[in-house]
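In this text the structure is predicted, and so the values were computed from the model without any measurement. Hydrogens, waters and symmetry mates play no part in the numbers below; they use all other heavy atoms, side chains included. As the structure lists them, so they are numbered: ligands from 1, and atoms in each ligand from 1. Numbers here are sequence positions counted from 1.
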Amino acid sequence: MPSYKAPLRDTRFLMNEVFDFESHYKTLPNGEEATPDMVEAILSEMAKLCENTVAPLYQSGDEEGCRLENGQVFTPKGYPEAYSEFVAGGWQGLSHPVEYGGQGLPMSLGLIKHEMLGTANWSFAMYPGLSLGAMNTIQMHGTDEQKETYLTRLTEGTWAGTMCLTEPQCGTDLGQVKTKAEPGENGSYKITGTKIFISSGDHDLTENIVHIVLARLPDAPAGTKGISLFIVPKYLPGQIGEDNGVSCGALEKKMGIKASATCVMNFDQATGFLIGPPNQGLECMFTFMNSARVGTAIQGVAHAERAYQASLPYAKERRSMRALSGKKDPEQVADALIHHGDVRRMLLKQKAYAEGGRAMAYFTAMYADHMIAGMLENDQKKYGKWDSELGFLTPILKGFLTEKGLEAANEAMQVFGGHGYIKEHGIEQIARDARIATLYEGTTGIQALDLLGRKVLLTSRGKCVRSFSKNLVDFGRQNLKDAKLRPYAWKLLKIAAEWNYLTTRIMLAATKDRDIVSTASYDYLMYSGYAMMAYFWALQAATARDKLEHGGNEPAEFYKAKLATAEFYFERLLPAAKGHADAALKPTRSTMQMSAEHFSFDYE
Ligand SMILES: Cc1cc2nc3c(=O)[nH]c(=O)nc-3n(C[C@H](O)[C@H](O)[C@H](O)COP(=O)(O)OP(=O)(O)OC[C@H]3O[C@@H](n4cnc5c(N)ncnc54)[C@H](O)[C@@H]3O)c2cc1C
C-alpha cells in the first residue's frame with residue numbers, strides 16, 4: 001500500500017505565498033493566536049500524526065471493516081488507539097470555543113487539519129468529522145445547558161456525534177421524514193423511528209455518542225416546515241451504560257470507506273431534547289451546511305492527492321516499451337512509464353486537480369473564517385454577507401471537486417494498468433472510497449440544482465456569478481501586459497464573459513421552460529468548477545512566476561513545476577468547460593421529450 005506524506009510544501013505555498021494567511025488571521029477576532037509559529041506547529045504535528053499513526057491503518061481498516069456484536073459496533077484494529085492519540089493531542093476542538101475546552105483557532109485551520117487527516121485515511125476522519133457537524137449545531141442553536149453538557153465532551157472528543165437525517169424513504173427530500181417526537185417528562189421528548197446510512201452511528205471510540213436527529217412533533221405541518229431537531233444521546237448524561245432506546249440495528253455493507261461504520265439506527269422511545277425552535281429543524285441543520293459541504297469537498301482533494309501519491313512512484317518505477325522521442329533510460333530494458341505522453345497526461349491531471357482543488361478549498365476556508373468572525377462579533381450583517389458568499393462557492397466545490405477526485409482516482413488506477421484492479425496495490429481502495437463523496441452530503445445533482453436553481457437564479461439573479469467572475473476580470477486586466485501571464489489573462493477574461501453569458505441565457509430560457517434549470521444544472525456546475533479552478537491556477541502561476549523572479553521560500557524547481565501544471569490545466573483540462581457550456585445551453589427537448597414509458601420496451 002502506498003504510504004502517505006503530507007504535502008506541506010504545497011500547503012505552505014498556498015497559505016504563505018498565494019493567499020497570505022498571516023495577514024488574513026490578523027483581521028479575525030479569533031486570529032490572534034494563529035501566529036506563523038503556531039500554524040507551523042499545527043501543520044507539522046498533524047502531519048506526524050497522519051503519517052505515522054492514521055495512514056498506516058488505511059488498508060488494514062478496509063480489509064477488516066467494522067463489526068456489530070451484541071448491539072455494539074467495533075471499529076478495526078488500531079482505530080481506538082489512534083483516536084485516543086487524536087483526542088490527547090486536543091485536535092477535535094482546534095477551531096471550537098475556548099470556553100467549551102477548544103483552542104478557539106480559525107476554522108480554516110480546522111479545515112486544513114481535516115484535509116490531512118482525510119487524505120491519510122478518509123474512513124478514520126469520518127468519526128471526528130461527523131462530530132464536528134453535531135458540535136456546530138449545538139454551538140449555534142443549543143441552550144447554555146446543552147452546550148455545557150454536550151459541547152464540552154464533544155470538543156474534548158471523549159464523546160462523538162452524528163447527524164441523523166436520512167430515512168429509508170428519503171435522503172434528498174427530507175420533507176418526507178417520519179421519525180416521531182412526542183412530549184415526555186420535564187421538557188424532554190420520546191423519539192421513535194428508524195434512520196439509515198448513519199455515519200459513526202455506533203462505535204467503540206468514545207464513551208458516548210450524541211445523535212442530532214430530525215423528527216416531527218405531534219400535529220407538525222406536513223413537509224419541510226414540520227421538522228424539528230433533537231439531541232438524542234446514546235446514553236443520557238450521568239447514566240453511561242444505561243439503555244436510552246437508541247440502538248444500531250445493522251451495519252450497511254458497502255462499496256468503500258469500510259472502516260467507517262454506516263449504521264441503521266433505531267430510536268425506540270429514546271429520550272431526546274429539542275434543539276432550536278420547533279418546526280425549524282431544517283433551517284437549524286442547514287446553518288452550518290456550507291462549511292460542512294466544504295468539509296466534504298475536501299474529500300475530492302484528499303482522494304486526488306492520495307491517488308497521485310500512489311501512482312507517481314509507480315510511473316517512475318514500472319517500465320514499458322520506449323518513449324516515442326527516443327530512449328530515456330538506455331541502460332534499462334525499457335523506459336519508465338512516466339516518459340510516455342499518455343501516462344504524463346494521467347499524472348498531471350491528478351496533480352492539477354489535487355493542487356487546484358486545494359487552492360479552491362483554502363480560499364473558501366478564508367470566507368468561512370469571515371463568516372465565523374461575524375458570528376463571534378454578533379454582527380448579523382457580516383455573518384449573512386459571508387454566509388451568502390460561501391453559499392455560492394460551496395455547491396461548486398462539493399460537486400466539482402468530488403467528481404474530479406473520483407476521476408483522479410480512476411486515472412491513478414489506469415496508471416497501474418491491470419495491477420490497479422488488484423487489491424494488493426491499494427489503488428482500487430482509493431477509487432472505491434472516492435465514490436461516496438459525490439453521493440452523500442447532497443449528491444452532485446442536488447449541488448447542481450442548489451447552485452443554478454437557488455443560488456444563481458432564484459436568490460441572486462446571476463449577481464453571484466457577476467461578483468465572483470470579477471476576480472477573473474481583475475486578474476485578466478492586471479496581467480494582460482505580462483508576456484508570461486498573458487495567455488492566462490486572456491483566457492480568464494474570456495471565461496468571465498462566457499460564464500455570465502451562459503447564466504443569462506439559461507435565466508432567459510428558464511422563464512419559458514422551467515425544466516432547463518434541471519437539464520442544464522449538472523453542466524452548469526461543471527462549467528463553474530472549471531472556471532473557478534482556472535482562476536486559482538492562474539493565481540498560483542502568477543505567484544510562482546513572481547517567486548521565481550524575486551525569490552520565494554521554495555526551490556526554483558517547485559515554482560517551475562507549478563507553472564508547468566498551470567499550463568497543463570489551461571491547455572489540456574480547461575477545454576472541457578466548453579463542452580459543458582454547449583450542453584447546458586441546449587433546449588430541454590432532447591432530454592425531456594421521451595415519455596417515461598418509452599425508456600424501454602422490454603422491461604419496466
Ligand atoms: C456511506 C454513506 C454515509 C452516509 N452518511 C449519512 C449520515 O451520516 N447521515 C445522514 O443523514 N445520511 C447519510 N447518508 C445518506 C446520504 O446523505 C443520502 O444517501 C444522499 O443524500 C442521497 O439521498 P438518497 O440516497 O435518498 O437518494 P435520493 O434522494 O433518492 O436520490 C436519488 C437520485 O435522484 C436524484 N434526485 C433526487 N431528487 C432530485 C431532484 N429534485 N432533481 C434532480 N435530481 C434529483 C439525486 O441526485 C440522485 O441522483 C449516507 C449515505 C451513505 C451511502
Side-chain angles (χ1 to χ4, degrees), residues 62 65-66 73 118 122-134 136-137 160-179 193-203 209-215 223-224 227 229-230 232 248 250-267 281-282 285-286 288-289 292-293 295-296 299 395 398-399 402-403 406 432-454 458 514-525 588 591-592 596:
D62 178 66
C66 295
V73 174
W122 191 264
S123 286
F124 180 86
M126 292 279 288
Y127 294 98
L130 265 295
S131 288
L132 289 176
N136 290 338
T137 311
T162 74
M163 302 301 273
C164 298
L165 290 71
T166 305
E167 297 185 4
Q169 73 286 359
C170 65
T172 302
D173 184 5
L174 293 169
Q176 295 183 44
V177 158
K178 284 186 190 156
T179 296
T194 295
K195 298 283 177 181
I196 62 165
F197 300 168
I198 302 308
S199 301
S200 320
D202 194 53
H203 52 76
I209 301 174
V210 181
H211 303 284
I212 305 288
V213 182
L214 285 183
T224 52
I227 295 175
L229 200 57
F230 297 86
V232 189
C248 172
L251 273 176
E252 306 287 0
K253 294 191 174 69
K254 58 192 193 295
M255 174 179 179
I257 55 164
K258 294 194 176 194
S260 161
T262 310
C263 305
V264 175
M265 295 303 299
N266 296 320
F267 296 89
L282 274 190
M285 190 112 203
F286 279 95
F288 267 93
M289 196 45 90
R293 284 185 174 161
T296 316
Q299 190 175 355
K398 160 64 171 86
T402 58
E403 291 287 345
L406 183 59
R432 281 187 288 107
D433 285 359
R435 188 63 187 88
I436 185 60
T438 68
L439 295 166
Y440 58 16
E441 212 52 76
T443 60
T444 305
I446 294 306
Q447 302 300 330
L449 209 55
D450 180 45
L451 173 70
L452 181 59
R454 233 171 107 224
L458 207 63
R514 289 175 69 172
D515 273 335
I516 197 166
V517 180
S518 189
T519 58
S521 60
Y522 167 79
D523 287 299
Y524 185 83
L525 175 119
T588 61
T591 313
M592 303 305 287

Backbone or side-chain N or O of T166 under 3.5 Å from ligand 1 N or O: yes
Pairing of R293 and D450 as salt bridge, 4.0 angstrom limit: yes
Check: G442 main-chain N/O paired with Q447 side-chain donor or acceptor under 3.5 Å: yes
Heavy atoms from other residues, nucleotides or ligands near NZ of K254 exceed 12 (cutoff 6.0 Å): yes
Main-chain N/O of S123 paired with S260 side-chain donor or acceptor, under 3.5 Å: no
Numbered atoms of ligand 1 (with element) below 4.0 Å of E441, judged on heavy atoms: 17 (O)
Identity of the nearest option to atom 2 (C) of ligand 1, non-hydrogen atoms only, from L449, V177, T519, I436: I436
I436 CD1 to T262 OG1 distance, which is reported to the nearest 0.5 Å: 7.5 Å
All salt bridge (charged side-chain N to carboxylate O under 4.0 Å, His left out) counterparts of R514, not counting sequence neighbours: none
Pairing residues for E403 by the salt bridge (charged side-chain N to carboxylate O under 4.0 Å, His left out) criterion, not counting sequence neighbours: none
Which segment of T444 sits under 4.0 Å of ligand 1 when only heavy atoms are counted: neither
Sub-3.5 Å N/O-N/O distance, L165 and ligand 1: yes
Ligand 1 to D173 polar contact by distance, N or O atoms, under 3.5 Å: no
For L439, atoms of ligand 1 separated by under 4.0 Å from a heavy atom: 20 (C)
Atom 13 (C) of ligand 1: the protein heavy-atom neighbour that sits closest, reported with distance to 0.1 Å: F197 O, 3.1 Å
Test item: D433 side-chain N/O and I257 main-chain N/O as donor-acceptor pair under 3.5 Å: yes
Rounded distance [0.5 Å steps], CE in M265 versus OG1 in T179: 11.5 Å
Under 3.5 Å: N/O of S199 near N/O of ligand 1: yes
Atom 31 (O) of ligand 1 - nearest protein heavy atom and its distance: T172 OG1, 3.8 Å
Neighbour count above 12 (heavy atom, 6.0 Å) for R432 CZ: yes
Sub-4.0 Å protein heavy atom near atom 34 (O) of ligand 1: no
Nearest neighbour in protein (non-hydrogen) for atom 38 (N) of ligand 1: I446 CD1, 4.0 Å
Contact check: M163 vs ligand 1, nitrogen or oxygen atoms, below 3.5 angstrom: yes
Min N/O separation I196 to ligand 1 under 3.5 Å: no
For atom 46 (C) of ligand 1, the protein heavy atom that lies nearest, with its residue and separation: T443 OG1, 3.6 Å
N or O pair under 3.5 Å between Y440 and ligand 1: no
Taking every non-hydrogen atom, the tightest pair across A134 and V210: CB-O, 4.4 Å
Per-atom contacts, ligand 1 versus G171 - under 4.0 Å to a heavy atom: 23 (O), 24 (P), 26 (O)
